[in-house]
Number of protein chains: 4
Amino acid sequence: MKRRARTLEDKQKKSEKILQAAKELFFDKGYYETTIEMITEKANVSIGTFYVYYKNKIEIYKALQNEGVDILLDMIQQVVSRPGITAHEKVIELARTYMRYYKEYREYFDIMAILSATPRELKETDSPLSKIIDGKAYDVLRKIQGVLQEGIESGVFVELDTWKVTNVLWGIMDGLILLEERNNIKNVIGLDLEDLAAQALEISFSGILKRN
Amino acid sequence: MKRRARTLEDKQKKSEKILQAAKELFFDKGYYETTIEMITEKANVSIGTFYVYYKNKIEIYKALQNEGVDILLDMIQQVVSRPGITAHEKVIELARTYMRYYKEYREYFDIMAILSATPRELKETDSPLSKIIDGKAYDVLRKIQGVLQEGIESGVFVELDTWKVTNVLWGIMDGLILLEERNNIKNVIGLDLEDLAAQALEISFSGILKRN
Amino acid sequence: MKRRARTLEDKQKKSEKILQAAKELFFDKGYYETTIEMITEKANVSIGTFYVYYKNKIEIYKALQNEGVDILLDMIQQVVSRPGITAHEKVIELARTYMRYYKEYREYFDIMAILSATPRELKETDSPLSKIIDGKAYDVLRKIQGVLQEGIESGVFVELDTWKVTNVLWGIMDGLILLEERNNIKNVIGLDLEDLAAQALEISFSGILKRN
Amino acid sequence: MKRRARTLEDKQKKSEKILQAAKELFFDKGYYETTIEMITEKANVSIGTFYVYYKNKIEIYKALQNEGVDILLDMIQQVVSRPGITAHEKVIELARTYMRYYKEYREYFDIMAILSATPRELKETDSPLSKIIDGKAYDVLRKIQGVLQEGIESGVFVELDTWKVTNVLWGIMDGLILLEERNNIKNVIGLDLEDLAAQALEISFSGILKRN
DNA sequence: AATGAATGAGAGTTCATTCAT
DNA sequence: CATGAATGAACTCTCATTCAT
């Protein structure tokens with residue numbers, strides 16, 4: 001009845017379609033309230049086809065996490081390697097980028113967020129894909145740390161424990177996102193998330209920037 | 001004959017026992033991986049009894065949220081009404097209290113956290129109980145805002161948008177907790193959560209405290 | 001809609017009804033071609049009820065095996081403990097009993113037969129029930145061996161390796177049953193299974209009975 | 001370029017490769033726990049190719065049965081037509097041959113055994129192939145009967161119902177194999193299967209051989 | 001108030017078979 | 001001939017909820 005994929009391109013499209021459908025549903029309803037049937041119906045494929053492309057429900061969830069972290073990694077990398085701006089500016093830009101990622105790829109963000117409703121199996125970080133995802137998340141933080149290091153070397157920042165500060169800064173960013181998640185910030189605080197992040201950073205910098 | 005024993009066993013009312021069991025299980029396994037049967041087994045009551053005291057699964061979850069927010073509200077209130085300390089000290093103490101709440105009542109904290117795996121129905125804030133919980137969470141923030149206001153009036157803080165700052169400060173606190181949730185902070189950063197919070201506040205205060 | 005079991009008797013009847021339905025279906029169609037739904041339909045209960053009484057499909061199969069081996073054990077025991085007959089007569093009677101068991105409880109016999117289409121899991125003799133069943137099957141053979149021993153002691157049989165002979169004799173009995181299973185013996189051979197067994201034994205006894 | 005390699009790989013025709021893979025898997029895992037995909041993977045062909053050569057799953061099973069019975073028939077025939085040995089020796093040799101077949105071609109033996117986990121469809125002896133297989137199995141028994149007849153005519157055996165004795169003797173043989181299948185005989189009885197068969201026959205012959 | 005047997009919709013997953021390429 | 005993506009009916013099992021006792 002349904003057409004068969006005749007080209008490689010078609011094939012890719014099919015698994016893509018399924019992934020897209022899954023992404024939207026997971027974001028919308030969460031892991032547990034999304035069923036395979038919902039995904040296949042949205043993607044316009046049969047249940048069997050789903051299992052051709054993905055081993056099981058958890059696997060497609062992980063695939064999405066991987067995709068999400070790849071996008072973030074890419075965005076972060078672009079800022080990190082941008083030439084001609086100071087480390088100070090880079091950190092601010094990184095924060096802004098993170099916030100932009102949250103806004104533009106919120107589906108991914110929610111899937112990646114650890115607090116979110118993930119099945120037990122996902123928390124056991126044994127599977128190869130899980131390790132890759134964890135590794136990439138770590139890479140993101142490492143890149144940020146690199147910028148801090150850069151700032152110290154170029155004399156912009158005071159001597160500091162870069163790993164610690166990286167984690168704290170990013171903790172604050174996540175906190176602001178959490179804030180947004182709860183109350184729609186714009187309406188409650190009357191301030192845009194990106195501005196808020198910038199402000200939080202500015203405050204933080206008062207303890208980090210070298211004065212002269 | 002069985003009086004004594006019964007009294008002891010039943011002193012803790014059945015509904016209480018069920019709630020306690022549910023709390024532990026929801027914290028441990030999350031909403032979806034906790035079954036009614038698990039709860040009743042842990043509470044040593046029958047499934048039927050569960051439904052005598054709680055309308056359904058979602059209802060007991062909400063009851064726990066309510067209890068959790070009540071405890072927090074109480075803890076916050078105690079700090080707010082403590083006499084003889086400055087607003088500056090109060091804010092620091094409030095942050096410390098929030099962190100203590102997270103640590104001591106983590107079961108409640110996880111259940112309350114919005115990002116966490118909550119069923120669809122919970123996100124629709126229509127039910128009366130949901131409104132009460134939301135209201136109380138709002139109260140917590142209002143109390144903190146009150147302290148900031150107090151600080152401005154007593155000349156400790158600069159003029160500022162108290163609501164905005166309240167939200168930002170608490171966003172940062174949540175961020176730090178998220179940080180803790182991901183990596184066991186103590187091991188990764190080598191710093192205790194409470195210390196970290198204090199430090200984050202200190203930085204923030206550099207922009208808030210009135211210098212003279 | 002459906003009535004609830006109000007008495008313990010009713011409850012027992014329900015699990016019995018399920019077991020009975022399963023027995024007939026397993027015998028008729030084999031393990032793999034019997035579905036849980038078939039069983040519940042035949043037993044007039046819901047699918048859920050099945051899982052109230054039996055953990056899963058394999059478990060009910062084992063329960064049947066257990067029941068079957070219990071019946072056989074009982075029948076064997078009755079012959080073994082029959083007073084006033086010689087060991088020679090007892091062995092013949094045991095064989096006859098085994099054949100009768102095959103005919104009267106064929107459903108059980110087929111379920112117990114090792115060659116029959118059993119799922120992989122059943123072949124792994126790890127589960128407690130499996131061990132019990134195996135133990136009982138062993139008991140059956142041990143009882144037969146006991147009769148042979150008795151015969152040697154009373155001077156009816158020549159000295160022989162009782163365990164070995166037990167196994168060979170029972171191997172022959174199984175062979176005859178297999179024969180019956182393939183061709184309906186009565187029609188092909190014109191001889192009843194029990195007679196055949198008696199004849200096979202008679203031949204065997206020519207090497208076992210003490211002549212004097 | 002790829003000629004040589006192809007020749008070698010393809011020498012064994014595809015249908016042959018598939019059959020071989022199926023044989024091993026059916027023997028190893030049984031009919032129901034063997035999937036078409038397993039077979040095709042093991043045979044290094046595509047699923048489509050499987051269906052080019054075999055109508056469906058049941059058909060390849062039957063093809064294997066046919067092959068198996070052909071081998072047995074051939075082995076039996078060779079003994080039957082061996083010149084210069086008595087009927088008595090021939091019967092013993094036939095039994096030995098059957099046991100050897102069981103050991104050497106156990107994969108086929110298991111597939112042929114009627115008690116084993118065969119799908120419903122196979123038990124309905126309607127299909128043409130099924131009839132052929134049944135016919136060949138019948139031929140095997142007929143050949144054995146022929147040897148008995150031969151023995152009577154040459155005065156080695158007493159007058160007897162040859163068809164009946166054939167079935168009984170072969171029933172005993174199957175019983176011994178069943179015995180072996182259950183307990184590894186060698187270890188339990190301390191006697192090799194072939195020796196056991198010889199012994200069983202010897203006992204049987206005490207009632208069959210003409211004494212003079 | 002307390003019970004727990006009974007329910008059945010619905011979940012995830014499998015797999016023999018088809019058929020366009 | 002050969003392929004393997006696509007299918008979907010059918011399977012086993014779960015679990016929130018009900019309700020007769």
Can you find a pair of side-chain heavy atoms, one from A:Leu19 and one from A:Ile60, that are under 4.5 Å apart?
yes
Please verify the inter-ring angle class for D:Tyr32 with C:Tyr32; under 30° counts as parallel, over 60° as perpendicular, anything in between as tilted.
parallel
Give the ring-plane orientation class for C:Tyr31 versus C:Phe26, where under 30° counts as parallel, over 60° as perpendicular and anything between as tilted.
parallel
Whichever of C:Met38 and C:Lys55 has its nearest DNA chain F nucleotide further upstream toward 5':
C:Met38
Using atom [atom1] of [X] as one end and atom [atom2] of [N] as the other, report the distance to the nearest whole Å.
{"X": "D:Ile58", "N": "E:dC15", "atom1": "CD1", "atom2": "P", "answer": "16 Å"}
{"X": "D:Lys57", "N": "E:dC15", "atom1": "NZ", "atom2": "C1'", "answer": "8 Å"}
{"X": "B:Ile18", "N": "E:dA1", "atom1": "CD1", "atom2": "P", "answer": "12 Å"}
{"X": "D:Lys29", "N": "E:dC15", "atom1": "NZ", "atom2": "C1'", "answer": "15 Å"}
{"X": "A:Tyr54", "N": "E:dT14", "atom1": "OH", "atom2": "P", "answer": "17 Å"}
{"X": "B:Glu37", "N": "F:dT18", "atom1": "CD", "atom2": "P", "answer": "17 Å"}
{"X": "B:Ile36", "N": "E:dA5", "atom1": "CD1", "atom2": "C1'", "answer": "17 Å"}
{"X": "B:Tyr32", "N": "E:dG10", "atom1": "OH", "atom2": "P", "answer": "16 Å"}

Less than 4.0 angstrom between a side-chain N/O of D:Tyr53 and OP1 or OP2 of F:dC1, yes or no?
no
Any side-chain N or O of D:Thr49 under 4.0 Å from OP1/OP2 of F:dT3?
yes
Any donor-acceptor pair under 3.5 Å from [X] side chain to [Y] backbone:
{"X": "C:Tyr108", "Y": "C:Lys23", "result": "no"}
{"X": "B:Lys57", "Y": "B:Thr34", "result": "yes"}
{"X": "C:Tyr61", "Y": "C:Ala22", "result": "no"}

Nearest of [options] to any side-chain atom of [X]?
{"X": "A:Ser46", "options": "F:dA6, F:dC13, F:dA2", "value": "F:dA6"}
{"X": "C:Tyr51", "options": "F:dT7, F:dT3, F:dT14", "value": "F:dT14"}
{"X": "B:Lys14", "options": "E:dT3, F:dT12, E:dA16", "value": "E:dT3"}

Which comes earlier along DNA chain E counting from the 5' end, the contact point of B:Ile47 or that of A:Thr35, where each point is its nearest nucleotide?
B:Ile47
Which comes earlier along DNA chain E counting from the 5' end, the contact point of D:Gly48 or that of A:Phe50, where each point is its nearest nucleotide?
A:Phe50
So, B:Glu24 and B:Gln20: side-chain donor and acceptor under 3.5 Å apart, yes or no?
yes
Would you indicate what D:Thr34 reaches in the nucleic acid, counting non-hydrogen atoms under 4.0 angstrom: base, sugar-phosphate, or nothing?
sugar-phosphate
In which ranges does DNA chain E form stems of 3 or more consecutive Watson-Crick or G-U pairs, distances under 3.5 Å?
E:2-21 with F:2-21
